[in-house]
Amino acid sequence: YNFTPRDYQLPLFKAFDNGKLRRFVTIWNRRSGKEKSWINIMAKEMQKVKGNYAYVFPKFIQGRMILWEGIDNDGFKFLDHFPKELLDGKPNDTRMFLQYKNGSTFQILGSDTYDTSLGTNFRGMVFSEYSLQNPACWAYYSPILDANGGWAGFDFTPRGKNHGWTLYQMAKSDPNNWFTQLLTLDDTRVIPQEKFEKIRQECIKLYGDDSFVQQEWYCNFSVSVIGAYYQQQMKDAEESNRIGNVAYDDRYPVNTHWDIGKRDANSIWFSQFIGNEIRLVDYLEDSGKGLPHYAKLLQDKKYVYGVNYLPHDGKVTEWGSGEERLKTARRLLSGKVRVVKRTKILDGIDIVRSIFSKCWFDEKNCKRGIDALKSYHKEWDEEKKIYLDHPDHDWSSHGSDAFRTLATGYKYNESVENPDSFGEETIPFVRRGKAVGNWSMGGNFIPLLRGDKNVR
């Protein structure tokens with residue numbers, strides 16, 4: 001409706017109308033009309049088959065800016081591809097929700113808040129910029145769509161070889177069930193060569209090379225991801241075969257490294273410090289749960305635990321019972337509990353980089369954590385078209401923050417073999433059988449500032 005597909009878009013429409021495939025991957029370069037194509041497919045399918053339909057963006061707020069309030073280069077609103085004659089009342093601007101007279105519904109979701117729509121039985125879904133999305137969103141909705149014969153479309157440009165790359169490789173290997181199409185500027189020619197050369201030169205001037213051009217205009221998965229903090233480190237780990245089968249060695253204890261969240265995701269890396277190596281044998285992530293839930297999960301893994309490293313906010317009073325997190329952790333977790341030294345975020349990122357060469361990752365058990373490290377990136381300012389000098393708080397930040405806990409703990413350990421000589425661990429002083437204060441471990445004895453110069 002108010003749309004005519006371009007020649008290079010026709011294979012998608014024909015594959016969809018054929019009705020044999022239910023999964024579609026479109027990796028098209030910038031300005032190639034990904035959203036235009038998919039919103040029209042969705043508008044048509046809503047009239048053909050009654051059901052609930054959703055358009056998912058990496059963040060809920062992006063859905064409003066890009067699609068709900070979005071206008072194309074000709075001044076045409078994306079929502080105007082839904083025929084007004086088919087709408088049942090006015091669209092709900094707050095919920096970003098509309099309904100057809102036949103009962104079909106459409107809504108915009110964010111992968112950052114996908115769990116707010118739990119229980120919705122969707123018939124069709126589009127995952128826009130999937131390479132930037134929380135992969136847990138698709139993991140949740142996939143079995144629902146499978147059960148009701150629903151369809152799913154994924155459109156994105158590459159962000160390195162993260163979960164988007166994994167999905168694309170899987171889809172290519174299964175042509176009986178998946179449609180895949182990768183288009184570059186050479187295929188679409190959506191802008192004149194002279195204008196593109198100007199864009200290329202501006203990108204080189206801004207970023208130092210043409211990686212951004214290769215990523216956005218030539219859909220190259222192999223180039224450095226602009227704004228990704230650990231792109232080179234993860235590439236080095238792959239090339240040196242430090243991502244593969246890293247088995248748990250029961251002769252050594254397992255340490256845990258946390259990013260604490262309740263509404264947000266709670267992430268935990270599982271490591272073994274063996275010689276000069278940091279072996280990442282497992283990774284765990286969940287959300288909306290208190291510490292007893294995670295303590296039970298850790299217990300079920302049957303590891304012998306050494307030290308549980310909490311981030312600096314481990315001393316905050318909260319976590320379910322209202323008591324201090326550190327006290328709760330010591331009461332429920334097996335092994336010792338330490339709170340790491342507080343660092344500035346960018347300093348912590350540098351610390352992570354400094355220990356990366358020591359790290360070995362189990363590819364299977366740590367897959368989600370590995371994807372988080374690959375995807376962790378600077379925030380993009382859509383208005384100024386630049387990357388800001390701080391991380392984007394999205395799904396990848398939780399696993400990356402937990403890894404920063406690991407790196408900081410390892411960095412400030414005086415001896416990895418003796419993790420008691422660590423950072424900001426707080427231990428009560430006892431004199432004549434009574435606790436009289438606390439001191440901070442940093443390798444040296446520090447006077448207790450309680451007016452008693454003899455207490456050390």
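The structure displayed is predicted, hence computed values, not measured ones.
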* Hey, mind stepping through I345 and H390 against side chain to side chain contact (heavy atoms under 4.5 Å, CB included) and telling me if it holds? -> CA-CA 8 Å; I345 292 179; H390 60 258; over 6 Å; no
Look at atom [atom1] of [X] and say whether more than 12 heavy atoms of other residues, nucleotides or ligands are closer to it than 6.0 Å.
{"X": "I61", "atom1": "CD1", "result": "no"}
{"X": "D7", "atom1": "CG", "result": "no"}
{"X": "K235", "atom1": "NZ", "result": "no"}

Heavy-atom side-chain contact between [X] and [Y] under 4.5 Å:
{"X": "D17", "Y": "K44", "result": "yes"}
{"X": "M170", "Y": "W165", "result": "no"}
{"X": "N220", "Y": "V213", "result": "no"}
{"X": "H398", "Y": "H393", "result": "yes"}
{"X": "I351", "Y": "T343", "result": "yes"}
{"X": "I268", "Y": "F270", "result": "yes"}
{"X": "I274", "Y": "R279", "result": "yes"}
{"X": "L284", "Y": "N266", "result": "no"}

Salt bridge or not for [X] and [Y], using N-O below 4.0 Å?
{"X": "D401", "Y": "R404", "answer": "yes"}
{"X": "D286", "Y": "K289", "answer": "yes"}
{"X": "R368", "Y": "D371", "answer": "no"}
{"X": "E45", "Y": "K48", "answer": "yes"}
{"X": "R159", "Y": "E216", "answer": "yes"}
{"X": "K59", "Y": "D394", "answer": "no"}
{"X": "E277", "Y": "K358", "answer": "no"}
{"X": "E197", "Y": "R200", "answer": "yes"}

* By salt bridge (charged side-chain N to carboxylate O under 4.0 Å, His left out) - contacts of D146 (at least two apart) ->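 With sequence neighbours excluded, D146 shows a salt bridge (charged side-chain N to carboxylate O under 4.0 Å, His left out) to R23, given in chain and number order.
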Looking only at the side chains, is there a donor atom on one of [X] and [Y] sitting less than 3.5 Å from an acceptor on the other?
{"X": "N148", "Y": "N121", "result": "yes"}
{"X": "T256", "Y": "W258", "result": "yes"}
{"X": "T188", "Y": "N29", "result": "yes"}
{"X": "W38", "Y": "T26", "result": "yes"}
{"X": "Y283", "Y": "E285", "result": "yes"}
{"X": "W28", "Y": "Q181", "result": "yes"}

Taking every non-hydrogen atom, the tightest pair across [X] and [Y]:
{"X": "R338", "Y": "K336", "value": "NH2-CD, 3.3 Å"}
{"X": "L183", "Y": "C219", "value": "O-SG, 3.3 Å"}
{"X": "S131", "Y": "P158", "value": "OG-C, 4.3 Å"}
{"X": "Q133", "Y": "S128", "value": "NE2-O, 2.8 Å"}
{"X": "P11", "Y": "F179", "value": "O-CE1, 3.7 Å"}
{"X": "L280", "Y": "C366", "value": "O-SG, 3.5 Å"}

Atom pair [atom1] ([X]) and [atom2] ([Y]), whose distance is rounded to the nearest 0.5 Å:
{"X": "D155", "Y": "S32", "atom1": "CG", "atom2": "OG", "value": "8.5 Å"}
{"X": "H377", "Y": "L388", "atom1": "NE2", "atom2": "CG", "value": "10.5 Å"}
{"X": "L373", "Y": "C359", "atom1": "CG", "atom2": "SG", "value": "9.0 Å"}
{"X": "L185", "Y": "R31", "atom1": "CG", "atom2": "CZ", "value": "10.0 Å"}
{"X": "N308", "Y": "T405", "atom1": "CG", "atom2": "OG1", "value": "12.0 Å"}
{"X": "R123", "Y": "I144", "atom1": "CZ", "atom2": "CD1", "value": "14.0 Å"}

Would you say the rings of [Y] and [X] are close, in the sense that their centroids are separated by under 6.0 Å?
{"X": "Y55", "Y": "F78", "result": "no"}
{"X": "Y130", "Y": "H163", "result": "yes"}
{"X": "F221", "Y": "Y168", "result": "yes"}
{"X": "Y252", "Y": "F273", "result": "no"}
{"X": "F106", "Y": "F97", "result": "no"}
{"X": "F154", "Y": "F24", "result": "no"}

* Run the side chain to side chain contact (heavy atoms under 4.5 Å, CB included) check on V304 and D250 step by step: do they pass? -> CA-CA 8 Å; V304 175; D250 59 11; over 6 Å; no
* To do: Could you tell me whether a side-chain N or O of S104 sits under 3.5 Å from a main-chain N or O of M46, the two making a donor and an acceptor?
  =>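 The answer is yes, because a donor-acceptor pair under 3.5 Å joins these two groups.
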* **S111 (side chain) donor-acceptor with C137 (main chain) under 3.5 angstrom** =>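 Answer holds: no.
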* Asked: Can you name the side-chain contact (heavy atoms from CB on, under 4.5 Å) partners of N365, sequence neighbours left out?
  ->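 Only D282, D362 meet the side-chain contact (heavy atoms from CB on, under 4.5 Å) criterion with N365.
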* **Parallel, tilted or perpendicular, as decided by the 30° and 60° cut-offs, for the rings of H257 and Y309** =>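 Rings of Y309 and H257: parallel, as their planes differ by under 30°.
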* **S334/Q299 under side chain to side chain contact (heavy atoms under 4.5 Å, CB included): CA gap, chis, key distance, verdict** => CA-CA 8 Å; S334 173; Q299 183 181 5; over 6 Å; no
* To do: Please assess L109 against F57 for the test side chain to side chain contact (heavy atoms under 4.5 Å, CB included), listing each intermediate value before the final yes or no.
  => CA-CA 6 Å; L109 302 177; F57 287 85; over 6 Å; no
* Identified ring-ring contact (aromatic ring centres under 6.0 Å, His included) partner of Y229 from the options F356, F403, Y376 ->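 The option that passes is Y376.
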